[in-house]
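Report on the structure given below.
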There are 2 protein chains.
Amino acid sequence: MATTSRTKRAPVLGDVARIAGVSVPTVSRVLTGSKPVSAEVEQRVRRAIDKIGYRPNGAARMLVSGRRSLVSVISGSTASYGYANTLEGIAHGARTASMDVGITVIDSAEPDAVTATIDQVLVQPVAGVIVLEFDRAGLAAIEAMPSTVPTVVAGGGSRRTGPRAYALIDERAGGREVTSYLLSLGHKTVHHVAGPTMGKHSGRTEGWRAALKSAGAKIPDVMHATWEPRSGYDWGKQIAKRRDVTAVLCGSDDIAAGVLRALLDCGVRVPEDISVAGFDDQPYVEMLRPALTTVRQDFHDLGARSFDALARLLAGVREVPTSVATPSLVIRDSTGPVRARR
Amino acid sequence: MATTSRTKRAPVLGDVARIAGVSVPTVSRVLTGSKPVSAEVEQRVRRAIDKIGYRPNGAARMLVSGRRSLVSVISGSTASYGYANTLEGIAHGARTASMDVGITVIDSAEPDAVTATIDQVLVQPVAGVIVLEFDRAGLAAIEAMPSTVPTVVAGGGSRRTGPRAYALIDERAGGREVTSYLLSLGHKTVHHVAGPTMGKHSGRTEGWRAALKSAGAKIPDVMHATWEPRSGYDWGKQIAKRRDVTAVLCGSDDIAAGVLRALLDCGVRVPEDISVAGFDDQPYVEMLRPALTTVRQDFHDLGARSFDALARLLAGVREVPTSVATPSLVIRDSTGPVRARR
DNA sequence: GCGGTCGATGATAACGTTTTCCCCACCCGA
DNA sequence: TCGGGTGGGGAAAACGTTATCATCGACCGC
């Protein structure tokens, strides 16, 4: 309120320089190590920095140097298991490379919502972007992303399908493996409760279908659930009424938990009457009774690999090879051989 | 490589101005709406912007205007249920206010790891910070955060304990409520499998203790688990051997799932022999058999309230009132009256 | 002892935007 | 017709840092 200083302006490089009795660029050199500085001057500068509690202004730094240290993650959600763990993997990689990570969730898959989101992301000084391709919103974001910004797609596909860098978990292979495993137990076919449709089918569903097809098994209609356990429960109720179902592959562990519960509530024995398998291997599923057979997907690793890919992109590598991890089947107690239904 | 242009420099305001035949500030005015511009000029400018695909440079913008639109979340994790949902709530609020959110995870609670993290966060042009106080790392981060940056603490406390703005879930009340409920069923006391220690005890544990104390019940030793279901399982095995336990409150749903499974595996009936209660109300817990009684905590709402608090702080409000939500007890089938243990 | 290289430092430009200040043309009322 | 307000727009300063270039001394080899 007085004439001189209002809210005690944050100290800047010039303040440090004056106190240390050196020039502004010298202070900068101490901070960035871009050029050697004599030990004595360095000490004076550091002392001055500590004294006034100086912190570099990131905006100014980025503006002039053009170096960007922000990686933005675009995603349709952050709370679900896969999203959250992928995000953690990315954050961990970024931390190691001393980069920052921003997260923007897309409200819906409406075209204008997507472009609005992208605009908001690209106004920031981002070095690159990682899009989580787990749902329609992610898919739409990839389409709408300008080709000029370094972009990595993290998702569940099996091969690169466009001009970007990809880090993937081969969900298709996972779906195939678990379906084949169920068939090998003697099931004539495997029914499938999928998550929300992505427009095109998800890798999990594709793998399931491929395995049935190559085994010459009948391909039942896909049952579409939301990601909620409740929704799985509702389908489980339906399934319990049918006599033709002996094996169910669910699009996620949460759905499987619901299906499992519904079956047991209806007096269906698992796995004696019906086998149930999930997808993801969330920590709790081995505590279900019976412990859930599922497909383990290492999302944390997926996040780490996406960040690696982006780092290479930023380092100037032209063609970053697509990195694909294969999920692994975890056999527990919810699946077993076919028996005569009591 | 040629003499003129290397990688086709990104278009800047000057380019737009030249094409539209106006001055640089005029383009800025169109973009920010800081001053009225004639309709005709505005149209020319917009056309030019679209034509060359201009995007404002956020760094330059922040540097000169001093307006910051970045909210940074500091957290010990992002993957666990509470963290992930709180983060989503924050992201949602930020999106509505068209601000950006950054996320930084602290590797450990080591003092230098914490200050390193904070340094990294504060180099960015942050408007404010939200610290997730769910673990030691978060606690340490709050201590080390300079008082000059607008900070909101999001956590599980019951009242403000320092000079910051707080958004809380009153875990203490939740712990008290569920414990009292169990006592009201006739249990002489309630045992407690807590999550990792936070140094000081967590609100959940405090509430449990307070309820026992005020009921004059014996206060058993706390059993400390990790957040892993497996760890809960191990404690469940121990508990099954004991004859004096009739009710167990767990520090999280995942721990409860483990305890539950161990008890059932050992032939202990739930809730007939032992009642089990969890904490959080993750979606899957109603699918456990028996469905888990637990304390519901709305983390998404916590995130939204933290962002609100920060927004007010940034709007210049001096004293932002602490916002406290009370968790609600969800009674399902895993808890019941005491019976003679068979 | 002298030209040349090197190491340390300072002066100045540059980054891309917003802000401030000023000018000009126009309109209105007296 | 003239003065004062007003609304649109341009010129230049400012933001805080790094990059570029110049300077100055010391040191080295011949």
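Keep in mind that the numbers below use all heavy atoms, side chains included, and drop hydrogens, waters and symmetry copies. Numbered from 1 within each chain, the chains take letters A, B, ... in sequence-line order.
Once rounded to the nearest 0.5 Å, the distance linking OG of S147(A) with CZ of R164(A) reads 6.5 Å. Atom-to-atom distance recorded for L302(A):CG and I130(A):CD1 is 9.0 Å, nearest 0.5 angstrom. In this structure, CD1 on I49(A) lies 6.0 Å from CZ on R46(A), to the nearest 0.5 angstrom.
Salt bridge annotation for D301(A)-R305(A): present, with a cationic side-chain nitrogen under 4.0 angstrom from a carboxylate oxygen. Under the 4.0 Å criterion applied to side-chain N and carboxylate O atoms, D15(B) and R18(B) are assigned as salt-bridge partners.
Considering only residues two or more places apart in sequence or on other chains, T148(B) meets the side-chain hydrogen bond (donor to acceptor under 3.5 Å, both in side chains) condition with none of them. Applying the side-chain contact (heavy atoms from CB on, under 4.5 Å) rule to D100(A) yields the partners S69(A), L70(A), Q120(B), Q124(B); only residues at least two apart in sequence or on another chain are considered. I19(A) pairs by the side-chain contact (heavy atoms from CB on, under 4.5 Å) definition with A48(A), I52(A), not counting sequence neighbours. Partners of R61(A) under the salt bridge (Lys or Arg N to Asp or Glu O under 4.0 Å) rule, at least two apart in sequence or in another chain, do not exist in this structure. Shown here are the side-chain hydrogen bond (donor to acceptor under 3.5 Å, both in side chains) partners of T117(A), two or more places apart in sequence or in another chain: R95(B). With sequence neighbours excluded, the residues that form a salt bridge (Lys or Arg N to Asp or Glu O under 4.0 Å) with R44(B) are E40(B).
Within residues 58-70 of chain B, the residues approaching DNA chain D are L63(B), V64(B), by heavy-atom distance under 4.0 Å. For DNA chain D, the residues of residues 15-26 of chain A within the heavy-atom distance limit of 4.0 Å (strictly under) are V24(A), P25(A), sorted by number. Within residues 27-43 of chain A, the residues having any heavy atom under 4.0 Å from DNA chain C are, by residue number, R29(A), K35(A), P36(A), V37(A), S38(A), V41(A).
Annotation: ring pair (Phe, Tyr, Trp, His ring centres under 6.0 Å) contacts involving residues 92-139 of chain A, sequence neighbours excluded, comprise Y83(A)-F134(A), F134(A)-F299(A).
Closest heavy-atom contact between A84(B) and A79(B): CB-O, 4.1 Å.
In terms of modelled atom types and a separation under 3.5 Å, the side chain of E88(B) and the main chain of T78(A) share a donor-acceptor contact.
The footprint of chain B on DNA chain D, defined by a heavy-atom cutoff below 4.0 Å, extends from dG8(D) to dG16(D).
Between its opening and closing five pairs, the helix from dG1(C)-dC30(D) to dA30(C)-dT1(D) changes axis direction by 40°, a value rounded to 10 degrees.
Within the 4.5 Å cutoff, no side-chain heavy atoms of I106(B) are placed close to those of S75(B).
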